Amino acid sequence: MATDSWVNETLYPDWGQRFLVKRELARVQSDFQDIMVFESTSHGRVMLLDGVVQITERDEFVYQEMLTHVPLLAHGAAKRVLIIGAGDGGVLRRVLQHRNVERAVMVEIDGEVIRLAKEFMPGIAGDAWNDPRAEVIVGDGIDYVRQAASGSFDVVIVDSTDPIGVGEVLFTDEFYANAARLLSERGLIVNQCGVPFMQADELRETNIRRAKSFPDTWAYVAAVPTYVGGFMTLGWAAKDASLREVDVATIRARAEAAGILGQTRYWTPEIHVGAFALPPYIAENLAR
C-alpha cells in the first residue's frame with residue numbers, strides 16, 4: 001500500500017509547515033546548497049533550498065510583485081536595475097514588465113537554481129531569460145557590487161536566502177556601502193528581511209547596517225502564505241526619503257506608464273502605499 005509522503009520545512013527548530021508531496025522532481029546538492037523541487041498537491045511546484053521553502057507556483061506572485069513593483073514605482077524613473085539572487089527568474093520577469101526599464105542585470109551565485117527553475121518551474125520566469133534587456137550572470141553578487149561603477153544602477157533588488165549560510169554576506173556593512181556607491185542619486189535597495197514574528201532580530205540588525213550607508217531606512221510588508229508566521233518584511237534603504245511617501249494617484253500614474261496597472265494579483269497602488277504602514281510589533285525593530 002502506498003504511503004503518503006510529506007516534506008517538512010526546517011527553517012525553525014520548533015515550528016514549521018509540511019507539504020504533501022505528489023512527486024519529487026529533482027534533488028540536487030550544488031556547490032552551495034541542497035536543492036529540492038517537488039510537485040505538491042496544494043501549491044503547485046515548490047522549490048526548497050536547504051530544507052527551506054523558497055518559492056511555490058501558487059503564491060510566488062505576492063512576493064515577486066511586492067519585491068519588484070514597489071521599489072521601481074517608488075523611484076518612478078528607474079532604467080537600470082540590479083538583481084542579486086532570484087535564481088528562479090520571477091523578479092527578472094517582473095522587472096522587465098516595466099517598459100521604461102532599459103537594462104536588468106541579474107547575478108545568481110548558484111547556477112543549479114537557474115537550471116532547475118528553467119526545467120521544472122518555467123512559468124515563473126516566462127520569457128524573461130531571453131529578453132534582450134536582461135543580462136544573467138552566474139556569479140558572486142558580492143564581487144559584482146564591489147566592482148560595479150559608481151552610479152551605474154537606479155534600483156537594487158536582493159532576493160536571497162536568510163542571512164545564514166550562502167546568503168549571509170548579502171547583509172554586511174560592506175555590501176550596503178557598495179550598494180550605496182553603485183546606486184544613482186535617488187537610488188534605493190530592497191531585500192527580504194524575513195518574517196518578524198519569528199525573525200525580529202534579522203530585521204533589527206539588518207536595519208542598523210543599512211542605516212550606516214543610507215539616510216532613509218524602513219521596511220514594508222507582504223503576506224506570503226508559504227512564508228509562515230504572518231507578514232514578511234522587505235527591507236528598504238533609500239538615498240531620498242520622499243520615495244516612500246509618494247501618493248496613490250502618482251503611483252497609479254507611474255504604473256500605467258510602466259504598463260503594469262491591472263497586470264498584478266497582489267500589488268495595487270493602494271497596497272503599495274499601505275505596505276509602509278507597519279504594526280507596532282514590526283516598527284519597533286526599526287528604531288534608529
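FYI, side chains are in, hydrogens and waters are out, and symmetry mates aren't considered; it's all heavy atoms of this structure. Note that the numbering runs from 1 along the sequence shown for the chain. Just so it is clear, the model here is predicted, and its values are computed rather than measured.
Checking side-chain atoms of D247 against main-chain N and O of T250 turns up a donor-acceptor pair under 3.5 Å. When atom types are taken as modelled, the side chain of R181 and the backbone of A148 share a donor-acceptor pair closer than 3.5 angstrom.
With a 4.5 Å cut-off between side-chain heavy atoms of Ile, Leu, Val, Met, Phe, Trp and Tyr, the cluster of W6 takes in L20. As a member of the Ile/Leu/Val/Met/Phe/Trp/Tyr network built from side-chain separations under 4.5 Å, V21 groups with V7, F19, M36, F38, V46, L48, V53.
Residues satisfying the ring pair (Phe, Tyr, Trp, His ring centres under 6.0 Å) criterion with Y220, sequence neighbours excluded, are F276. In this structure R58 satisfies the side-chain hydrogen bond (donor to acceptor under 3.5 Å, both in side chains) test with no other residue, sequence neighbours excluded.
Residue pairs meeting the ring-ring contact (aromatic ring centres under 6.0 Å, His included) criterion with at least one member in residues 90-142, sequence neighbours excluded: H69-H98.
By the 4.0 Å N-to-carboxylate-O rule, E135 lies close enough to R103 to be salt-bridged with it. Between D216 and K239, none of the side-chain N atoms (NZ, or NE/NH1/NH2) sits under 4.0 Å from a carboxylate O, so this pair counts as no salt bridge.
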Extract all donor-acceptor atom pairs below 3.5 Å that involve side chains of residues 82-96 and protein atoms in other chains or at least two apart in sequence.
residue: D88; atom: OD1; partner: Q64; partner atom: NE2; Å: 3.2
residue: D88; atom: OD1; partner: G90; partner atom: N; Å: 2.8
residue: R93; atom: NE; partner: I124; partner atom: O; Å: 2.8
residue: R94; atom: NH1; partner: E60; partner atom: OE1; Å: 3.4
residue: R94; atom: NH1; partner: G90; partner atom: O; Å: 3.4
residue: R94; atom: NH2; partner: E60; partner atom: OE2; Å: 3.4

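The nearest pair of heavy atoms linking G229 to V195 is O-CG1, 3.3 Å.
Using a 4.5 Å heavy-atom threshold, the side chains of T172 and F175 count as touching.
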